[in-house]
*Asks:* 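Have a look at the structure that comes next, please.
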Protein chains: 2
Amino acid sequence: MDRNSDIVPFHETASCAHHAKGDECRFCNVRRLSICAAVDAEELSFLEDLSGDTVFEEKSALFREEDEAISVYNVTSGVVRLVRSLPDGRRQITGFAMAGDFLGLSLNTSWSFSAEAVTDVRACRFKRSTFEDFSDRKPHLMKRMHEFATHELSLAQDHMVLLGRLTAEEKLATFLLELKRRWTRVEGHEIGLIKLPMGRQDIADYLGLTIETVSRTINQMHRDRRLVIVPDGIRFVDPAYFEAHALR
Amino acid sequence: MDRNSDIVPFHETASCAHHAKGDECRFCNVRRLSICAAVDAEELSFLEDLSGDTVFEEKSALFREEDEAISVYNVTSGVVRLVRSLPDGRRQITGFAMAGDFLGLSLNTSWSFSAEAVTDVRACRFKRSTFEDFSDRKPHLMKRMHEFATHELSLAQDHMVLLGRLTAEEKLATFLLELKRRWTRVEGHEIGLIKLPMGRQDIADYLGLTIETVSRTINQMHRDRRLVIVPDGIRFVDPAYFEAHALR
DNA sequence: CCCGAGGTTTGATTTGTATCAATGCCAGAG
DNA sequence: CTCTGGCATTGATACAAATCAAACCTCGGG
């Protein structure tokens with residue numbers, strides 16, 4: 001049975017209710033984190049005309065592997081899982097996209113992965129072809145996209161080491177520490193609670209483990225007083241333990 | 001004992017002996033495969049002035065993880081392994097670079113991986129800062145680099161699926177098929193013999209396995225009449241078997 | 001307040017791959 | 001021709017994680 005059968009096609013919403021039209025980008029709280037930080041005020045207002053705010057509800061798909069890439073997206077809130085599936089149902093999650101992350105860096109007309117909303121998600125949407133034309137005329141934007149791509153590539157290489165060479169315990173320690181860093185970056189300040197919006201199955205598919213091994217390993221860490229489990233997340237009790245067992 | 005202790009620093013050689021200075025790029029046999037295909041005749045001669053042909057002998061390092069990235073490279077012949085190492089000696093090979101592949105796409109001043117010559121290697125070398133200045137002024141070159149980067153990213157995602165979700169048999173089938181495709185691309189025509197210049201340990205470190213499992217799996221395939229083992233490589237006997245077991 | 005569904009935890013058992021330990025097989029040096 | 005060192009192969013055994021199988025929350029709906 002396909003575990004993804006509950007993923008429904010996305011439903012596009014009307015434009016953002018919280019900003020007057022014409023102010024979205026200037027007041028965007030993820031601009032500093034995103035592609036758009038490379039864009040000056042004048043370009044920003046032009047870019048804004050190309051963009052549309054979209055909302056995806058929990059468990060809906062932003063797009064699927066086999067879809068044509070009509071749009072590209074800048075995630076502004078929520079968490080998205082990036083999934084590659086095998087014909088027999090095995091899944092690998094190659095990453096989680098959060099506020100500031102860009103989907104569609106390659107500007108290819110075909111996606112090579114699915115993007116599914118783990119939580120409710122807001123994203124700034126651009127028509128792919130239009131965005132490509134724009135970036136073709138703005139070398140500094142292209143360069144910023146290239147920097148994003150090579151950064152992603154470096155993260156992908158880290159993840160290959162994790163998948164190929166770490167133990168279950170090391171995988172979880174690395175994952176939790178990385179998640180802490182990403183929330184800190186998004187929130188703009190140190191956080192205590194590490195929110196885990198994704199389910200155990202998603203964590204398993206990200207780390208190349210089974211759900212049972214993820215559950216056992218986290219609960220073992222709890223029993224060993226390395227962390228406490230709280231609603232919707234965990235909290236480090238022994239941060240040094242995670243630093244010592246994680247990859248970089 | 002560190003398995004890499006035999007990797008010695010590279011020895012730089014004088015410029016290419018086979019071409020008169022001023023003709024390297026025009027007659028370059030990997031141009032069509034490389035970054036340089038995006039460069040027109042005039043730019044090519046300019047680029048050529050920036051470049052120097054280098055030779056690295058088998059087992060030497062082009063650069064190491066911890067080195068500062070002074071140069072970037074365009075591989076013109078031979079095979080390079082890209083390695084990430086853990087402090088305790090565990091290794092993950094994130095890829096093999098062959099003719100046409102570019103090392104230094106990120107243009108960062110620090111490498112995040114080592115590059116080691118598996119065979120004798122020739123590469124076209126550029127000063128990183130100079131190359132960056134050049135690409136900053138040539139949007140189509142930057143775009144080509146970006147395309148290379150996002151293609152790499154897609155390959156990296158494939159490899160994550162392999163590492164996280166495939167069995168040893170599937171990993172080997174995928175690896176051999178992928179290698180066949182890459183040799184075909186480099187040679188410019190279909191090939192029968194799939195050369196395996198890298199040792200079993202390198203294959204293991206690429207696939208997230210041990211050397212024993214690689215050896216057992218290949219020899220099992222041989223016993224099952226899926227392939228024949230020949231000096232320096234293998235030959236498919238049952239190509240359909242590999243197609244059926246490989247990832248895409 | 002109870003029920004049911006979806007997700008999580010826990011336990012028992014199996015298994016694929018790692019580990020440990022020889023042995024085999026060249027190719028190059030002497 | 002024989003020795004030697006560096007892989008590669010093969011076999012026996014161990015073990016980490018997968019698989020199979022319940023039981024257990026918890027939260028929203030009736």
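The sequence lines fix the lettering, A, B, ..., with proteins before strands; numbering per chain opens at 1.
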*Asks:* In whole Å, what is the span from the CE atom of A:M221 to the C1' atom of C:dT8?
*Replies:*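 The answer, rounded to whole Å, is 17 Å.
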*Asks:* List the steps and the verdict of salt bridge (charged side-chain N to carboxylate O under 4.0 Å, His left out) for B:R125 and B:D53.
*Replies:* CA-CA 6 Å; B:R125 186 164 60 82; B:D53 191 48; over 6 Å; no
*Asks:* Just compare D:dT9, C:dT10, C:dT19 and give me whichever is closest to any side-chain atom of B:I211.
*Replies:*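 Among the listed nucleotides, the one closest to the side chain of B:I211 is D:dT9.
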*Asks:* Using heavy atoms to find the nearest nucleotide of DNA chain D for B:I229 and A:E212 separately, return the residue whose nucleotide is more 5′.
*Replies:*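 The residue closer to the strand's 5' end, by nearest nucleotide, is B:I229.
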*Asks:* Without decimals, in angstroms, what is the distance between A:K171 NZ and D:dA18 P?
*Replies:*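 Those two atoms, NZ and P, are 7 Å apart.
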*Asks:* Atom CG of B:L172 to atom P of D:dA8: distance rounded to whole Å?
*Replies:*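 In whole Å, D:dA8 P and B:L172 CG are 13 Å from each other.
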*Asks:* Check the distance between C:dT19's P and B:D88's CG and give it to me in whole angstrom.
*Replies:*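 Rounded to the whole Å, the gap is 11 Å.
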*Asks:* What residues, two or more places apart in sequence or in another chain, satisfy ring pair (Phe, Tyr, Trp, His ring centres under 6.0 Å) together with A:W111?
*Replies:*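 Counting only residues at least two positions away or on another chain, A:W111 forms a ring pair (Phe, Tyr, Trp, His ring centres under 6.0 Å) with A:F63, A:F113.
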*Asks:* How many Å lie between CD on A:Q201 and P on D:dA18, as a whole number?
*Replies:*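 So the two atoms are 11 Å apart, to the nearest Å.
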*Asks:* Quick one: does any side-chain atom of B:T217 pair with a main-chain N or O of B:T213 as donor and acceptor, under 3.5 Å?
*Replies:*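 Yes, because the side chain of B:T217 sits within donor-acceptor range (under 3.5 Å) of the backbone of B:T213.
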*Asks:* Could you check whether any side-chain N or O of A:R84 sits under 3.5 Å from a backbone N or O of B:M160, counting only pairs where one atom can act as donor and the other as acceptor?
*Replies:*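 No; zero donor-acceptor contacts below 3.5 Å.
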*Asks:* Between A:L196 (CG) and C:dG7 (P), how many Å, whole number?
*Replies:*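 The answer, rounded to whole Å, is 16 Å.
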*Asks:* For the residue pair B:F102 and B:Y73, is the inter-centroid distance of their aromatic rings smaller than 6.0 Å?
*Replies:*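 Judged by ring-centre distance (under 6.0 Å), B:F102 and B:Y73 do not meet the cut-off.
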*Asks:* Rounding to a whole Å, what distance do you find between A:M198:CE and C:dG7:P?
*Replies:*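 Between P of C:dG7 and CE of A:M198: 15 Å.
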*Asks:* Give the C-alpha distance, both sets of side-chain angles, the deciding distance and a yes or no for salt bridge (charged side-chain N to carboxylate O under 4.0 Å, His left out) between A:K180 and A:E190.
*Replies:* CA-CA 9 Å; A:K180 183 180 200 299; A:E190 278 297 320; 3.0 Å; yes
*Asks:* Grab the N/O contacts between the protein and nucleotides 15-17 of chain C below 3.5 Å, and write none if there aren't any.
*Replies:*
{"unit_1": "C:dT17", "atom_1": "OP1", "unit_2": "B:A168", "atom_2": "N", "d": "3.0"}

*Asks:* In terms of heavy-atom contacts, does CZ of A:R223 have more than 12 from other residues, nucleotides or ligands at under 6.0 Å?
*Replies:*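 It does: A:R223 CZ has more than 12 such atoms within range.
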*Asks:* Please state whether the phosphate of D:dG6, meaning OP1 or OP2, lies under 4.0 angstrom from any side-chain nitrogen or oxygen of B:K59.
*Replies:*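 So the side-chain polar atoms of B:K59 never come under 4.0 Å of the phosphate oxygens OP1 or OP2 of D:dG6.
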*Asks:* Respond yes when some side-chain nitrogen or oxygen of B:R216 is under 4.0 Å from OP1 or OP2 of D:dT9, and no when none is.
*Replies:*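 For D:dT9, OP1/OP2 do not have a side-chain N/O of B:R216 under 4.0 Å.
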*Asks:* Strictly below 4.0 Å: does B:N219 bring a side-chain N or O up to OP1 or OP2 of D:dA8?
*Replies:*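 Checking B:N219 against D:dA8: no side-chain N or O falls below 4.0 Å of OP1 or OP2.
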*Asks:* Between A:E58 (CD) and D:dC27 (P), how many Å, whole number?
*Replies:*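 So the two atoms are 14 Å apart, to the nearest Å.
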